[in-house]
Asks: 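Structure below; questions to follow.
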There are 2 protein chains.
Amino acid sequence: MESTNIHPTADWIFNQAKINIPNISLGTVYRNLKQLSDEGDIRTIHDGAIARYDCNKDRHDHLRCKVCGDLIDVQLFDDDLRKIVKKKYKFEADDVEMTIIGTCKKHTK
Amino acid sequence: MESTNIHPTADWIFNQAKINIPNISLGTVYRNLKQLSDEGDIRTIHDGAIARYDCNKDRHDHLRCKVCGDLIDVQLFDDDLRKIVKKKYKFEADDVEMTIIGTCKKHTK
DNA sequence: AATAATAATAGGAACTATTACTATTTAAGT
DNA sequence: ACTTAAATAGTAATAGTTCCTATTATTATT
Ligand SMILES: [Mn+2]
Ligand SMILES: [Mn+2]
Ligand SMILES: [Zn+2]
Ligand SMILES: [Zn+2]
């Protein structure tokens with residue numbers, strides 16, 4: 001999984017794993033992903049209704065291209081923004097889930 | 001639904017609707033919510049694995065308090081941020097889904 | 001008002017991602 | 001080798017959502 005910078009689903013990982021471990025079960029995939037996520041070794045991201053898993057442990061955000069479906073890592077939510085949230089709304093931010101939907105640079109003519 | 005500023009689930013709406021329309025079906029709730037959402041009269045927000053519906057049609061973001069569960073409307077992603085995304089990543093942003101998880105002001109002593 | 005055409009609905013089946021359960025296998029400790 | 005504990009495969013169960021269809025309500029047309 002670390003060999004890719006994609007954001008695979010449990011099902012994708014399951015199918016990849018089957019290449020080397022033909023009789024692995026989907027439950028094992030979910031259990032291990034949950035464990036890794038709980039330990040902070042990977043991140044779980046909610047992409048609409050389904051879960052994706054992210055090896056990029058640094059806090060970051062995503063751009064989702066509605067043309068090609070790519071999910072691109074970006075850094076947008078920074079300490080400045082955290083301070084604004086704190087000052088303006090008196091809200092102590094622990095975590096941020098931000099996905100920007102639009103069109104990536106591959107499709108600009 | 002407009003009478004509240006909460007972010008109800010389909011199930012919550014279904015149960016509320018049953019008070020006045022005792023034999024309404026869940027499918028009707030989903031169908032009408034989808035229609036309203038498609039027409040832009042409400043917004044669908046993905047809260048983890050489940051869908052919530054939002055009457056606040058203005059583009060806005062959310063703070064989710066992990067203590068009391070509240071989902072608070074805020075305005076964070078602005079045109080400045082959109083321009084940064086455009087300049088830095090050459091990405092044309094159409095829509096943003098941002099939820100900040102943390103602790104709301106009700107719980108600060 | 002009666003009839004025909006169209007839209008909306010209830011109720012339930014089907015679907016999909018995920019979780020829970022359990023008997024069996026694998027690994028570790030002595 | 002024996003005991004204990006952890007991990008797993010396989011399968012059943014769950015939850016949210018969508019799909020389907022016969023029936024009901026609404027609207028348009030004679
Ligand atoms: Mn990522
Ligand atoms: Mn809102
Ligand atoms: Zn693209
Ligand atoms: Zn709170």
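Letters A, B, ... mirror the listed sequences (proteins, then strands); counts begin at 1. What you see below is based on every heavy atom in this structure, not just the backbone, and it leaves out hydrogens, waters and symmetry mates.
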Asks: Between H46(A) (NE2) and dT18(C) (C1'), how many Å, whole number?
Replies: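 Rounding to the nearest Å, NE2 of H46(A) and C1' of dT18(C) are 12 Å apart.
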Asks: Would you kindly give the CG-to-P distance between L33(A) and dA7(D), to the nearest whole Å?
Replies: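 In whole Å, dA7(D) P lies 15 Å from L33(A) CG.
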Asks: Could you tell me whether R82(B) and D79(B) have a side-chain N and a carboxylate O separated by less than 4.0 Å?
Replies: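 A salt bridge is present here (some side-chain N lies under 4.0 Å from a carboxylate O).
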Asks: So, does D61(B) use its side chain to make a donor-acceptor pair with the main chain of L76(B) at under 3.5 Å?
Replies: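 Flag set: sc D61(B) to bb L76(B) pair under 3.5 Å.
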Asks: Can you build the contact string for nucleotides 9-24 of chain D? Use B for base contact, S for sugar-phosphate-only contact, and - for no protein heavy atom under 4.0 Å.
Replies: BB-----SBB------
Asks: Looking at K105(B), is its backbone amide N or carbonyl O close enough to the side chain of H107(B) to form a donor-acceptor pair, meaning the two atoms are under 3.5 Å apart?
Replies: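 Checking the backbone N and O of K105(B) against the side chain of H107(B), no donor-acceptor pair under 3.5 Å is found.
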Asks: With no hydrogens and no angle check, do the side chains of H46(B) and D47(A) hold a donor and an acceptor under 3.5 Å apart?
Replies: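 Side chains of H46(B) and D47(A): no pair found under 3.5 Å.
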Asks: Got a minute to check which stems DNA chain D is part of, using Watson-Crick or G-U wobble pairs under 3.5 Å, three or more consecutive?
Replies: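 Runs of three or more consecutive pairs: C:1-30 with D:1-30.
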Asks: Which whole-number value in Å describes the distance from N20(B) CG to dT9(C) C1'?
Replies: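 Going from CG in N20(B) over to C1' in dT9(C) covers 17 Å.
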Asks: Would you check if the side chain of Q75(A) reaches a backbone N or O of F77(A) as a donor-acceptor pair within less than 3.5 Å?
Replies: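 Side chain of Q75(A) to backbone of F77(A), a donor-acceptor pair under 3.5 Å: yes, one is there.
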Asks: Say whether, by atom type as modelled, one donor and one acceptor occur between the side chain of D41(B) and the main chain of S37(B) under 3.5 angstrom.
Replies: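 It does not hold such a pair.
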Asks: Can you tell whether the side chains of K34(A) and D38(A) come within less than 4.0 Å, N to carboxylate O?
Replies: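 Result for this pair is yes, salt bridge flagged.
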Asks: Is R64(A) reaching over with its side chain to a backbone N or O of L71(A), donor-acceptor style, under 3.5 angstrom?
Replies: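 No.
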Asks: Show your reasoning for whether salt bridge (Lys or Arg N to Asp or Glu O under 4.0 Å) applies to D70(A) and K106(A).
Replies: CA-CA 10 Å; D70(A) 271 14; K106(A) 284 193 280 179; 3.1 Å; yes
Asks: Under 3.5 Å, is there a donor-acceptor pair between the D73(A) and H62(A) side chains?
Replies: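 The answer is yes; a qualifying pair exists.
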Asks: Check the interface with nucleotides 24-27 of chain C: list each N/O to N/O pair with the protein under 3.5 Å, or write none.
Replies:
none

